[in-house]
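Notes follow the structure.
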Amino acid sequence: MPDLADPEDIADAHTEQPGLAGRKAVVTGGTTGIGRAIAVLLASEGAKVFVCGRTPQHLEDALKRIREVGVGDGINVDLADPKETERFFAAANDFLGGLDIAVINAAVPVEALADTSREDTDYQIAVDFTSYLATTHAAKRIKVGLIEPGFTGADFQYPDFPPERQRDLIQQGRMLRAEDIAVATRFMLTQPRRTAVSLVRVETRLEHP
C-alpha cells in the first residue's frame, strides 16, 4: 500500500509570505487618504513607518493614529522641491536606520489643462511626475510594483464628492475606501522575495457615477 500523506504537512498548500513586522517603511503623502491608510496598516502589523505630508495638522492627526497602533514618525515636506526630497529621506534614515519598503504615494489633484494656470501645471507635474521618479530613485534596490486605485474616497475628491456622498457610494459598492487600497498594498508587500507583483488594479465592484 502507498504511504499516506502526513495530514500535518501543508508544504504544498501555500508558499511562504514574509510578514511586515520589523520592516522599515517610508510613505510619501502618508498623512491623508490612501497614504494614511497604508501607513496605519503597515504600523498595525509591526512595521516601523516614516511619513510625509504638506500640512502640519494632517501630519499631527496621522501620527496620532499611527502611534495608537504601532511605531511611526514623519515630517512636513513639499516634494516638488528636490531639496525637500533629500531632507525627507535623510530624516527617514535617521529614524528608521535603513529602508525596506517605499510607498511612493504623494500627489495633488489635477484639473483640466485648459482650466489650469501655467504655474499650477508646473507644480502638478513636479509633484505627480517628477517627485515620483526622484523618490523612487532615492529609495533604490527595491522591487518595484504599481498599484492603480480606482474611484476611491479621499479628501482629493472634494468638493464634487463631499464626505456624506462618499459614505453613501462606499456603502453601495460604487466607491472604494482608502483602506481597500491599503489591503492591496499589503498583498504586494508580503509576496515571496523571489516574486515581483508588477501591477495591481483595484476597482469598484459596481460602476461609479
Side-chain angles (χ1 to χ4, degrees), residues 16-56 58-79 82 84-108 127-128 131-149 152 154-156 176-200 202:
E16 182 182 3
Q17 291 180 283
L20 293 171
R23 296 171 77 177
K24 306 166 184 178
V26 296
V27 183
T28 67
T31 61
T32 61
I34 292 171
R36 183 185 190 275
I38 293 171
V40 170
L41 186 148
L42 295 181
S44 75
E45 299 215 354
K48 189 176 183 180
V49 301
F50 193 85
V51 303
C52 70
R54 293 181 300 164
T55 309
H58 289 160
L59 176 64
E60 181 180 355
D61 175 73
L63 290 179
K64 178 181 178 182
R65 180 58 182 148
I66 288 167
R67 290 165 179 166
E68 287 174 349
V69 299
V71 178
D73 202 356
I75 59 173
N76 287 120
V77 296
D78 186 345
L79 295 176
E84 291 284 270
T85 300
E86 295 176 6
R87 185 168 73 88
F88 170 65
F89 277 97
N93 188 64
D94 288 344
F95 178 72
L96 299 173
L99 180 64
D100 300 312
I101 296 168
V103 179
I104 309 304
N105 166 80
V108 295
V127 175
D128 294 348
S131 78
Y132 268 63
L133 300 180
T135 48
T136 302
H137 183 266
K140 293 181 180 181
R141 298 181 183 178
I142 54 175
K143 293 190 295 185
V144 176
L146 173 64
I147 296 178
E148 295 182 352
T152 306
D155 55 353
F156 60 75
L176 300 169
R177 295 179 65 205
E179 288 77 9
D180 299 333
I181 311 304
V183 170
T185 304
R186 183 195 183 281
F187 168 80
M188 181 176 282
L189 293 174
T190 55
Q191 295 307 297
R193 290 295 301 170
R194 62 183 167 272
T195 70
V197 179
S198 59
L199 174 62
V200 173
V202 186

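Because only heavy atoms are used, hydrogens play no part in the values below, and waters and symmetry mates are left out as well, while side chains stay in.
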For the residue pair [X] and [Y], what are the closest heavy atoms and their distance?
X: V77; Y: C52; answer: CG2-CB, 3.6 Å
X: M188; Y: V200; answer: CE-CG2, 3.7 Å
X: A91; Y: I75; answer: CB-CD1, 3.9 Å
X: I66; Y: A39; answer: CD1-CB, 3.8 Å

From [atom1] ([X]) to [atom2] ([Y]), nearest 0.5 Å:
X: T152; Y: I181; atom1: OG1; atom2: CD1; answer: 4.0 Å
X: I34; Y: T185; atom1: CD1; atom2: OG1; answer: 8.0 Å
X: T85; Y: L79; atom1: OG1; atom2: CG; answer: 4.5 Å

Under the side-chain contact (heavy atoms from CB on, under 4.5 Å) test, residues paired with [X] that sit two or more places apart:
X: D180; answer: L176, R177
X: E16; answer: none
X: A182; answer: A37, I38, L41
X: D61; answer: R36

Q: Sequence neighbours left out, what passes ring pair (Phe, Tyr, Trp, His ring centres under 6.0 Å) with F88? Give chain and number order.
A: F50
Side-chain donor-acceptor distances from residues 18-33 under 3.5 Å, at least two apart:
{"residue": "R23", "atom": "NH1", "partner": "G19", "partner atom": "O", "Å": "3.3"}
{"residue": "R23", "atom": "NH1", "partner": "L189", "partner atom": "O", "Å": "2.9"}
{"residue": "K24", "atom": "NZ", "partner": "G97", "partner atom": "O", "Å": "3.2"}
{"residue": "T28", "atom": "OG1", "partner": "N105", "partner atom": "N", "Å": "2.8"}
{"residue": "T28", "atom": "OG1", "partner": "A106", "partner atom": "N", "Å": "3.0"}

Which residues pass the salt bridge (charged side-chain N to carboxylate O under 4.0 Å, His left out) test with [X], not counting sequence neighbours?
X: E86; result: none
X: D100; result: none
X: D155; result: none
X: E60; result: none

Q.
Go through it in stages, so that I can follow the logic: the residues are L99 and N93, the test is side-chain contact (heavy atoms from CB on, under 4.5 Å), and I'd like the CA-CA distance, side-chain angles, deciding distance and then a yes or no.
A. CA-CA 7 Å; L99 180 64; N93 188 64; over 6 Å; no
Q. Applying salt bridge (Lys or Arg N to Asp or Glu O under 4.0 Å), which residue pairs with at least one partner in residues 40-52 are found, sequence neighbours left out?
A.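 The answer is E45-R186.
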Q. What pairs meet the side-chain hydrogen bond (donor to acceptor under 3.5 Å, both in side chains) rule with one or both residues in residues 68-77, with sequence neighbours excluded?
A.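 Only R65-E68, R67-D73 qualify under side-chain hydrogen bond (donor to acceptor under 3.5 Å, both in side chains).
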